[in-house]
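Order of appearance sets the numbers: ligands from 1, and atoms from 1 within every ligand. Index from 1, following the sequence.
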Amino acid sequence: MTQQSIKSSIKTLLKERNAVLLAHNYMRDEVQEIADITGDSLALSMEAARTDADVIVFCGVHFMAESASILSPQKTVLLPRLDAGCPMADMVTVEGLVELKAKLPGVPVVTYVNSSAAVKAESDICCTSANALKVVQSLPEQEIIFAPDKNLGSYVARFTDKRFHLWEGYCPTHERLKPEVVRELKAKHPDAPFVCHPECNPAVVALADHACSTTGMYDYCQKSDARKFIIGTEAGILWRLRRDNPDKEFILASPALVCPNMKLTSLEDVLEALETMKPVVKVPEEIRIPAKRALDRMLAIPRD
Ligand code: 13P
Ligand code: SF4
């Protein structure tokens, strides 16, 4: 089957099943190309909560499909590659979090959406990279537990005087970007703003002209008058940036910025998922209800 015929079979099946295809900004180009919505974690969660489709085909990683199942339990959520996980999400366990909460009674837990449903269920509120500061500011407490991303946590901590208890998790993909590489690129392209994701190491974020979520980066580059940008996040974002800004140049800060999990899902996988209506991600009710509380609390905060 050619790529074109796979794409047209996917489109037909999406209609037949009343399905919506959501894709994260890091997905392969050809998967983003057929998506109904491409966006960051916050935009995709919001869409999963409001769509009237019967089926959500989630092209992303496991925690994202779980969030869709938490927010829309009556819908069938398909994750074409069940093995697409997130190593950062796996760095925090329920047992570990419960243990830390016991040591810090009364301290609320802010959990990055890059976490399992079971960890969300033990959390007070979730956040994404797009709203983390607003989420932290929405809490009356002066102290918070922030899990699992220590890099995002320390970035947010810079803008508030609250005390952060940071979980020791991180994204292995973003962590591969080194400050010396960014310094060299900045010297070579002095007119190019460096835009990066707050999952990068703080030494890298310190060099950024702008740090934000993947959709935040897309918006920043579209609005900016600069002609050239150094991009410090996963390579998948380049496809939409280049497509929609043909007169601008985008330089990926490092060839190491490729998340193997985000690259697993192929068009063939999407087609197979729609044909077989598998694999389904479904969060059990005893976890879904408390996890939904934490996600709903986050979604009640308006996006800019
Ligand atoms: P955002 O698209 O929300 O910025 O998330 C980045 C990420 O690492 C998702 O896995
Ligand atoms: Fe997880 Fe990082 Fe991959 Fe996102 S880019 S899925 S945070 S490993």
Please determine whether a side-chain nitrogen of the Lys or Arg among [X] and [Y] lies less than 4.0 Å from a carboxylate oxygen of the Asp or Glu.
X	Y	result
E16	K11	no
K282	E66	no
D247	R227	yes
R28	E30	yes
K101	E122	yes

Note: Y220 and P193 closest approach over all heavy atoms is OH-CB, 3.9 Å

Any atoms of ligand 1 less than 4.0 Å from a non-hydrogen atom of [X]? List them with their elements.
X	answer
S129	1 (P), 3 (O), 4 (O)
H197	1 (P), 4 (O), 5 (O), 6 (C)
M64	9 (C), 10 (O)
E199	6 (C), 7 (C), 8 (O)
S41	1 (P), 2 (O), 3 (O), 5 (O)

Can you measure from OG (S213) to CG (D219) and round to the nearest 0.5 angstrom? 7.5 Å

So, 4.0 Å and heavy atoms of [X]: is ligand 1 close enough to count as a contact?
X	value
M262	yes
T128	no
M88	no
A130	no

Do the rings of Y26 and H174 sit parallel, tilted or perpendicular, given the 30° and 60° boundaries? tilted

Measure V113 to ligand 1 on non-hydrogen atoms and call it side chain, backbone, both or neither using the 4.0 Å cut-off. neither

Within the 4.0 Å heavy-atom cut-off, what S213 brings close to ligand 1 is both

Quick one: does N25 get an N or O within less than 3.5 Å of an N or O on ligand 1? no

If you measure every N/O of H174 against every N/O of ligand 1, is any gap under 3.5 Å? no

Atom 10 (O) of ligand 1: nearest protein contact (heavy atom, Å): N114 ND2, 3.4 Å

Just checking, any donor-acceptor pair under 3.5 angstrom between side chains of S9 and T12? no

Between T111 and S123, does any side-chain donor sit less than 3.5 Å from a side-chain acceptor? yes

Please list, in chain and residue-number order, the protein N/O/S atoms closer than 2.8 Å to atom 2 (Fe) of ligand 2. C171 SG

Counting distance only, does the side-chain N/O of N201 pair as donor-acceptor with the main-chain N or O of A203 below 3.5 Å? yes

With the side chain counted from C-beta on, respond yes when V280 and L78 share a heavy-atom pair under 4.5 Å apart, and no when they do not. yes

Partner of N25 under side chain to side chain donor-acceptor pair (under 3.5 Å), chosen from T215, T38, D40, T233: T215

